[in-house]
Amino acid sequence: MPLRVAWDRTPVSVHASKDELTRLIHHLRENHNFRKHSIIMPDRENEEEAVVFLYAPCDPRWLVGDF
């Protein structure tokens, strides 16, 4: 399942499966020292997905690729 990122929201929201978001958060922490994010929560709009909010500026290139 691909990541869906809402760049037009404040804070930015990232939607995907819980496992993918867990890997993304680990990737951001280990490779970019990014730590300002919410916990992973169930997505109210899509029951098959989860959501995490990013509370600091994030380069879109950090979210591309395999993590």
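By convention here, the first residue in the shown sequence is residue 1. Small disclaimer: the values here were computed from a predicted structure and weren't measured.
To the nearest 0.5 Å, the span separating CD1 on Ile40 from CD on Glu49 amounts to 12.5 Å. Distance check, rounded to the nearest 0.5 Å: CG of Asp43 to NZ of Lys18 gives 13.5 Å. Between atom CG of residue Leu21 and atom CE of residue Met41 there is a gap of 10.0 Å, rounded to the nearest 0.5 Å. To the nearest 0.5 angstrom, Leu54 atom CG is 7.5 Å from Ser38 atom OG.
Residues Ile39 and Phe53 fall within the same hydrophobic cluster, defined by Ile, Leu, Val, Met, Phe, Trp and Tyr side chains chained together at heavy-atom separations under 4.5 Å. A chain of hydrophobic side-chain contacts below 4.5 Å, direct or via other Ile, Leu, Val, Met, Phe, Trp or Tyr residues, connects Val51 to Tyr55.
Aromatic ring orientation, Phe34 versus Trp62: perpendicular (interplanar angle above 60°, classes split at 30° and 60°).
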Practice task
Report the C-alpha separation of Leu3 and Val64 in whole Å, then their side-chain angles, then the decisive distance to 0.1 Å, and conclude whether the side-chain contact (heavy atoms from CB on, under 4.5 Å) test is met.
Solution key: CA-CA 9 Å; Leu3 294 176; Val64 176; over 6 Å; no

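Contact between Pro2 and Ala16 at its shortest, heavy atoms only, is O-CB, 4.3 Å.
With contacts defined as side-chain heavy-atom distances shorter than 4.5 Å, the pair His37/Leu24 does not qualify.
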